[in-house]
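In what follows, every chain begins at residue 1, and chains take the letters A, B, ... in the order their sequences are listed. Computation of the quantities below employed the complete heavy-atom set of this structure, encompassing side-chain atoms and omitting hydrogens, waters and symmetry-equivalent molecules.
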Amino acid sequence: MFDFLESGQYDLLGAFWVTVQLTLYSAVGSLVWGTVLAGMRVSPVPLMRAFGTAYVNLVRNTPLTLLVIGSSLGLSQTLGINLGGGTFKETGFRLAVLALTAYTGTFVCEALRSGINTVPVGQAEAARALGLSFFQVLTLIVLPQAFRAVIAPLANVLIALTKNTTVAAAIGVAEAALLMKEMIENEADALFAVFGIFALGFCLLTLPTGLLLGWVAKRVAVKR
Amino acid sequence: MKVLKAGAAVATAVVLALTATACGGGSKDTASDAGASGGTKSDKIVIGIKFDQPGMGLKTPDGKFEGFDVDVATYVAKELGYQPDQIEWKQAVSAERENLISNGDVKFIAATYSINDKRKAKVDFAGPYFLAHQDLLVRADDNSITKVEDLNKKKLCSVTGSTSAQNIKKDLAKDADLQEFPGYSECLTGLENKAVDALTTDDSILAGYAAQEKNKGKFKLVGLKMSNENYGIGLKKGDKDLQTKINAALKKMVADGSWEAAVKKNLGPANYKNEPAPQITEGS
């Protein structure tokens, strides 16, 4: 039933490696972008608050497939923005990271905003009374505590992101879901085996992530 | 690989158990009448086709079905004793074709279904009823591709994971820049605004797209015969009776000229030179 694994025809590890790379780049990107968005949403500048709210509500409620295909057809093919990628392979990967970052950033932002709400308002008031600016209050007082409170929700976002990378197959990024499509096309007699392998692969990626970050979340939680 | 295989086996068992229970409830009503071989003539017949391939199998916005596969299936159903209004069309996307047949959700499938050995392990085929080749669709004014080697410098587009895409990556043109999209329509967009140079898949499908009203005159087929795809009609494994009947129906369709008429009607407008009707090789 699993003979096709040994034929050497499929680069299973290579495909999952692309999945891991997509996840890591997008995770870093969306952590940064999500933090910036969260900062905007709690900032004292009305324009930034309005932008943050509008962006989060718009992008979070757009299907990811639409964002990914839109970035390829719209940005790359129609507008010619290839993000410095020479071939479809490079361009596709970068566009996928861009779309995943734009999408996941909104979830990071909302998780972080809930973390900000766990920090007692008196702390921010005290910091402001000491003469700290908004940026200082945010980066020195509020965000460090907020992050420690939302490790577990962020782990959920990361797990969702790992699985969302399969959408990148829609623009031809050679990750796990694309290899699965090829296998389904060729191995008509072992469909469930193919599904099983990829289900297992994703469990191997996401379960340790959840366990590890759950443990971290317990250790760093702010005891109040 | 040992550990991987053992793990995969466990995961498969779980998936199997889950899907087996999930399927039990939903598909009973269609399975009961389509599954029984040579079911009662007053019943409906369920046939699997593609819903999204112009020229072969397409669901039009007003809910009708048209295309070469549809015409062949209608003819075969007629020979089996079903009138067109007794046919219930069911969408058969590529990944689900084998399961639709073996679960008995459909009586047979005519959906650009190439006959190959892996598939024959799960289902039986009747036919073939059409011989297609992997080919290229280019802009009408583009004459730069004349042979397979020209592809290595070109930007190609095909459907994610399809046999055509794999052929390009593994054998035909390893250096070609290949974009994979979920459907041919996205590729056509790219072809039209010059982001890609050629769309590659079976020539029957390409001809169907080129023949569409909105695409007329914009694209043309190159005519490189890069592979042979024998389209067969998929049916339940071991159903020799149905296989013989469908083969007889296909032979009759070719003999009385309906086959040629169906090809001309659905694929003709694209200036497509089809192969003559292939010899029936499945069954006997």
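For the ring-ring contact (aromatic ring centres under 6.0 Å, His included) condition, no pair includes a residue of residues 61-87 of chain A, sequence neighbours left out. Among residue pairs with one or both ends in residues 153-193 of chain B, those qualifying as disulfide bond (SG atoms under 2.5 Å apart) are B:C157-B:C187; sequence neighbours excluded.
Note that CH2 of A:W17 and CG of A:D11 are 12.5 Å apart. Values are rounded to the nearest 0.5 Å. For the atom pair A:R41 CZ and A:L37 CG, the distance stands at 9.0 Å (nearest 0.5 Å).
Interface remark: B:N99 contributes side-chain atoms only to the contact with chain A (heavy atom separation under 4.5 Å). For B:L156, the part sitting under 4.5 Å from any heavy atom of chain A is the backbone (N, CA, C, O) and nothing else. For a residue to count as touching a neighbouring chain, one of its non-hydrogen atoms must lie under 4.5 Å from one of that chain's; by this rule A:L179 does not touch chain B.
Judged by distance alone, the side chains of B:S204 and B:Y231 do bring a donor and an acceptor atom under 3.5 Å apart.
Of residues 87-98 of chain A, those residues lying under 4.5 Å from chain B by any heavy-atom pair are A:T87, A:F88, A:K89. For residues 167-174 of chain A, heavy-atom neighbours of chain B at less than 4.5 Å comprise A:A169, A:A170, A:I171, A:G172, sorted by residue number.
With salt bridges taken as basic N to acidic carboxylate O contacts below 4.0 Å, none links B:D197 and B:K155. Electrostatic pairing of B:E98 and B:K118 does not count as a salt bridge here, judged by no charged N lying under 4.0 Å from a carboxylate O. Ion pairing between a basic and an acidic side chain is recognised when a charged N comes within 4.0 Å of a carboxylate O; A:K181 and B:E180 show no such pairing.
No other option in B:Q166, B:R119, B:R97 has as many heavy-atom pairs under 4.5 Å with chain A as B:Q166. Here A:E185 is the residue among A:E185, A:M183, A:M180 with the most heavy-atom pairs under 4.5 Å with chain B.
Aromatic pair A:Y55/A:W33: centroids less than 6.0 angstrom apart. Ring-centre distance between B:Y184 and B:Y209: below the 6.0 Å cut-off.
Shown here is B:K170, whose NZ atom has more than 12 heavy atoms of other residues, nucleotides or ligands within 6.0 Å.
Here the options are B:N167, B:D203, B:T163, the test is side chain to side chain donor-acceptor pair (under 3.5 Å), and the partner is B:Q134; only B:N167 passes.
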